[in-house]
Amino acid sequence: MRPVFSAFLLSFFVFSFTACSDNSVDEYNYELYKIGDYSEGNYTLIAFADRPLAVGHNILYFELLKDGIKFDHSNISFLPMMMMGHQPHSSPFVDISGIRGESGLYDASVIFTMPGNDLEYWEFRVSVGDDQNGLLATGAIPVDVESSNKVKMFTGNGETRYFVTLIEPRVPKVGINDLTVAVHKRSNPEIHPPVSTSQITFNPWMPAMDHGSSNNKDPEYAGDGMYEGNVNFSMTGDWELRFQIEIEGDVHPLTFEITL
């Protein structure tokens, strides 16, 4: 069985922390999912998300405490790793930001390419340091990742693995929706750079009604591996987004299923 923080993992809660320093009181209230934490010495790094983690694109937030008090001006980073015997691997991710975002936390993101289970599980390898003292803490936070149909994989030229992630619409609705897909490749087990040269076309299709829709816009490259367009769902029901992904002259068909 893999190690877990059973008291912490994936429970919805309001995290409230109160600390006293120089006769002042700071209160932090985060309406987020706490997915785990790691403590070493004086430092605690806490990982949050806005929903339970699942295969696909996940927005993350991190808090750093020193002696129980919110702490700034350190270098913190994480590496998502799937622990699966002798073949561990990472996935596409954006490392922890150097400054606090609008949430008051440090932002990051990850695209999980497969779910976890008791034998093959994901963990965040985390580290805390600063320019003056170097590495201060390093460890791992095991995390649960649920299954979903948001990521498709195919093999291109030279046996390179490519991953296509459906990011938007996150909550599809009848009418025009933002459409965002991400394309990454696996350079080695720990590195998944974005792909900027894909040509992407798609056709939304409703199999039960044997029709598509109009006023769609094919995704165009917007940076960081993201391709943005629009999709029009003309009615509720089961839809298919039928993509053609062209990379290095080869066209790879793939389909995402969406229910409104």
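Since the structure is predicted, the reported quantities are computational estimates derived from the model, not experimental observations.
Shown here for Gly212 and Trp239, the closest heavy-atom pair between the two residues is O-CH2, 3.9 Å. Across Leu179 and Pro219, no two heavy atoms sit closer than the pair CD2-CG, 3.8 Å. A pairwise comparison of heavy atoms in Glu228 and Ala222 identifies CD-CB, 3.7 Å as the closest pair. His57 approaches Arg51 most closely through the heavy-atom pair O-NH2, 3.0 Å.
At a threshold of 4.0 Å, the pair Glu240-Arg242 counts as salt-bridged, since one of the basic side-chain nitrogens sits closer than that to a carboxylate oxygen. Between Asp50 and Arg170 there is a salt bridge, with a side-chain nitrogen of the basic residue lying less than 4.0 Å from a carboxylate oxygen of the acidic one.
Exactly one residue among Val181, Val183, Thr180, Val151 makes a side chain to side chain contact (heavy atoms under 4.5 Å, CB included) with Thr165. That residue is Val151. Applying side chain to side chain contact (heavy atoms under 4.5 Å, CB included) to Val110 and the options Ser90, Pro92, Pro80 leaves one that passes, Pro80.
With a 6.0 Å radius and a threshold of 12 heavy atoms from other residues, nucleotides or ligands, Met153 has its CE atom above the threshold. Within a 6.0 Å radius of CG in Asp224, no more than 12 heavy atoms belonging to other residues, nucleotides or ligands are found. Counting non-hydrogen atoms of other residues, nucleotides and ligands closer than 6.0 Å to CD of Glu246 gives a total above 12. Residue-environment remark: CG (Leu135) exceeds the threshold of 12 foreign heavy atoms within 6.0 Å.
In this structure, the separation between CD1 on Ile200 and OH on Tyr227 is 5.5 Å, given to the nearest 0.5 Å. How far CD1 of Ile46 is from OH of Tyr106: 12.5 Å, rounded to the nearest 0.5 Å. Note that CZ of Phe48 and CD1 of Ile35 are 9.0 Å apart. Values are rounded to the nearest 0.5 Å. Here the CG-CG distance, from Asp95 to Leu60, works out to 10.5 Å after rounding to the nearest 0.5 Å. Rounded to the nearest 0.5 angstrom, Ile191 CD1 and Ser91 OG are separated by 13.0 Å. Here the OG1-CZ distance, from Thr155 to Arg186, works out to 10.0 Å after rounding to the nearest 0.5 Å.
Between the side chain of Asp67 and the backbone N or O of Tyr43, no donor-acceptor pair lies under 3.5 Å.
Classified by interplanar angle (parallel below 30°, tilted 30° to 60°, perpendicular above 60°), the ring pair Phe124/Phe112 is parallel. Relative orientation of the Tyr162 and Phe154 rings is parallel, given thresholds of 30° and 60° on the angle between their planes.
Remark: aromatic rings of Phe93 and Phe78 are close, center separation under 6.0 Å.
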- Item | Verdict with supporting geometry, Glu63 and Arg100, salt bridge (charged side-chain N to carboxylate O under 4.0 Å, His left out) | CA-CA 9 Å; Glu63 179 61 284; Arg100 294 180 181 272; 2.9 Å; yes
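Taking the ring axis of Phe256 as reference, the NZ or CZ atom of Lys152 stays within 45° of it and closer than 6.0 Å to the ring centre.
Side-chain contact of Asp238 with Thr259: a donor-acceptor pair under 3.5 Å is present, judged by distance alone. Looking only at atom types and distance, the side chain of Thr44 has a donor-acceptor partner in the side chain of Ser39 under 3.5 Å away. Neither side chain, Ser213 nor Ser234, offers a donor N or O lying under 3.5 Å from an acceptor on the other.
In the hydrophobic clustering of ILVMFWY residues, with side-chain heavy atoms under 4.5 Å counting as a link, Val231 and Leu260 come out together.
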